[in-house]
There are 2 protein chains.
Amino acid sequence: MIEADAAGTLAQRLAERIRDKLIAGELRPGQKLSEAALASTLDVSRNSLREAFRLLTKEGLLRHEPNRGVFVATPSMASIIDIYRVRRVLECRALEQAYPKHPAVIRMRTSVERANKAREDGDWSSVGSANMAFHAAIVDLADSSRLNAFYAHIAAELRLSFGLLPDPEMLHAPYVDLNANILAMLEAGKPKEAAAALDAYLAQSERTVLAAFARIAEPA
Amino acid sequence: MIEADAAGTLAQRLAERIRDKLIAGELRPGQKLSEAALASTLDVSRNSLREAFRLLTKEGLLRHEPNRGVFVATPSMASIIDIYRVRRVLECRALEQAYPKHPAVIRMRTSVERANKAREDGDWSSVGSANMAFHAAIVDLADSSRLNAFYAHIAAELRLSFGLLPDPEMLHAPYVDLNANILAMLEAGKPKEAAAALDAYLAQSERTVLAAFARIAEPA
DNA sequence: TATAGAAAAATTGTTGAACAATCTTGACAG
DNA sequence: CTGTCAAGATTGTTCAACAATTTTTCTATA
């Protein structure tokens with residue numbers, strides 16, 4: 001893996017670079033992205049950058065105000081609540097209706113194992129990645145490429161919110177065991193119970209994120 | 001309402017114009033959209049048109065093959081099946097978990113009434129519109145702007161498939177009464193039953209569409 | 001005749017400059 | 001202090017050009 005991101009058109013590559021900066025926290029929410037400045041920084045033309053902006057705006061990562069510019073999307077209580085509603089619809093339904101021998105179940109299991117190992121090593125960042133992979137695998141149970149793509153956007157947007165929080169990785173840590181439980185129920189042929197557990201998981205996670213967000217949003 | 005579509009940037013307006021042509025059937029699936037030709041037809045620059053292409057590609061209405069061009073998305077059995085999977089996840093879950101006094105219920109009712117009236121008048125096109133509105137209202141029960149936006153894309157893509165079929169509006173006609181039943185169950189405080197009925201509805205609709213599609217796809 | 005391959009043409013990818021339209025800033029008058 | 005208006009900066013849009021890639025055309029050869 002020597003190559004960086006040499007795929008497709010320049011706009012796509014640009015979108016990827018900016019997306020990385022976004023989830024890496026290099027670009028702060030609400031920050032304005034000047035066309036001229038960014039174009040010269042990234043050493044591309046304004047036209048190409050604008051195409052990338054259109055891409056990222058459609059993904060919900062940027063906000064485009066005509067004649068005013070594009071800004072990094074700013075997470076809010078409302079957006080976090082909205083995102084968790086989406087997660088409940090997609091994940092719970094996919095899990096509830098899942099075929100217990102679906103290939104994605106294997107990915108769920110490997111994700112749990114990776115998370116366990118990472119937790120032992122104290123590698124919280126990897127715990128977070130494994131957790132995200134676990135939930136992406138759940139959505140994949142529904143066998144729809146459109147749902148997968150949509151969930152990828154939602155997950156990226158949620159990561160934007162996480163980036164604002166202190167100790168973002170720690171948010172995932174408590175849920176490793178819950179994931180294992182959910183997986184066990186599914187493999188035991190009890191998808192309904194697994195879905196119920198997932199619903200509880202999401203409710204708890206949502207409360208935690210909202211609380212942490214409220215703490216930093218209004219320190220008044 | 002004299003104004004046509006004077007909102008936002010040129011790329012957005014272009015996207016809307018092309019989207020309209022797409023669902024109106026003026027642009028055929030698989031057809032290549034030449035940048036130079038379309039730009040001169042629509043009397044805009046290639047750059048602006050390219051921005052619009054990026055928008056519509058993200059919506060799933062166009063397909064972008066780097067260095068080869070953009071094409072009108074071509075419906076297939078696989079895409080129809082995928083879309084109906086999405087519909088089941090979004091609509092059934094939203095209905096099942098719905099609060100019976102949610103404002104969207106009113107829109108569901110007016111949609112049913114509009115469909116009934118249109119059917120009496122033999123206005124099948126309006127029956128179709130009312131039917132689409134009914135299902136959009138169902139998704140709105142989940143109270144998520146992201147789900148609403150996603151469903152709008154899915155609906156537009158499905159309409160692309162309908163456009164290929166003979167008597168596309170007739171596809172909606174048989175379902176007016178089923179919608180009324182679903183609404184009645186929801187208003188009677190039985191969301192679970194309503195969701196089950198909707199699931200059956202979608203299964204039947206999917207079969208019909210697939211059968212019609214198969215008939216025109218391989219007339220060998 | 002068929003076909004592989006090279007040359008030519010057409011199309012997409014990308015850039016830079018230019019100007020119009022709109023927004024932002026800041027000075028100034030009341 | 002506040003509202004107005006001009007100046008400056010930024011986005012919106014177009015155009016022309018060239019590079020990179022694909023498609024088409026044509027030819028030489030088996």
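We name chains A, B, ... by the order of the sequence lines, and we start the count at 1 in each one. Since the model is a prediction, treat every value here as computed from it, not as a measurement.
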>> Tell me the interatomic distance from N47(B), atom CG, to dC18(D), atom C1', rounded to whole angstroms.
In response: 14 Å

> Taking CG from L42(A) and C1' from dT14(C), how many angstroms apart are they, rounded to a whole number?
Replying inline: 15 Å

>> What is the separation between atom CZ on F71(B) and atom P on dT11(C), rounded to the nearest whole Å?
In response: 12 Å

> Closer than 4.0 Å, any side-chain N/O of S48(A) to the OP1 or OP2 of dT15(C)?
Replying inline: yes

> Choosing from dT13(D), dA17(D), dT11(D), which nucleotide comes nearest the side chain of S34(A)?
Replying inline: dT11(D)

>> How many whole angstroms separate atom CG of L33(B) from atom P of dG13(C)?
In response: 13 Å

> Whole Å only: how far is the CD atom of E51(B) from the P atom of dG12(D)?
Replying inline: 8 Å

> How are the rings of F150(B) and F150(A) set relative to one another: parallel (under 30°), tilted (30 to 60°) or perpendicular (over 60°)?
Replying inline: parallel

>> Between R93(B) and D199(A) (salt bridge meaning N to carboxylate O under 4.0 Å), is one present in this structure?
In response: yes

> dG12(D) C1' sits how many Å from L49(A) CG, rounded?
Replying inline: 14 Å

>> Please report the distance, rounded to the nearest Å, between CZ in R46(A) and C1' in dG12(D).
In response: 7 Å

>> Over 60° means perpendicular and under 30° means parallel, so tell me whether H172(A) and F162(A) are parallel, tilted or perpendicular.
In response: perpendicular

> Salt bridge or not for R63(B) and E65(B), using N-O below 4.0 Å?
Replying inline: yes

> Nearest to the side chain of R13(A), which nucleotide is it out of dT14(C), dG12(D), dT14(D)?
Replying inline: dT14(C)

> The side chain of K32(A) lies closest to which of these nucleotides: dT11(D), dT11(C), dG12(D)?
Replying inline: dT11(D)

> Tell me: CG of L10(A) to P of dA20(D), nearest whole Å?
Replying inline: 13 Å

> Between E35(B) and N67(A), which has a closest nucleotide on DNA chain C that is more 5'?
Replying inline: E35(B)

> Is there a donor N/O on one and an acceptor N/O on the other, under 3.5 Å, for the side chain of R68(B) and the base of dG13(C)?
Replying inline: no

>> Salt bridge or not between E206(A) and R87(A)? Use side-chain N to carboxylate O under 4.0 Å.
In response: no

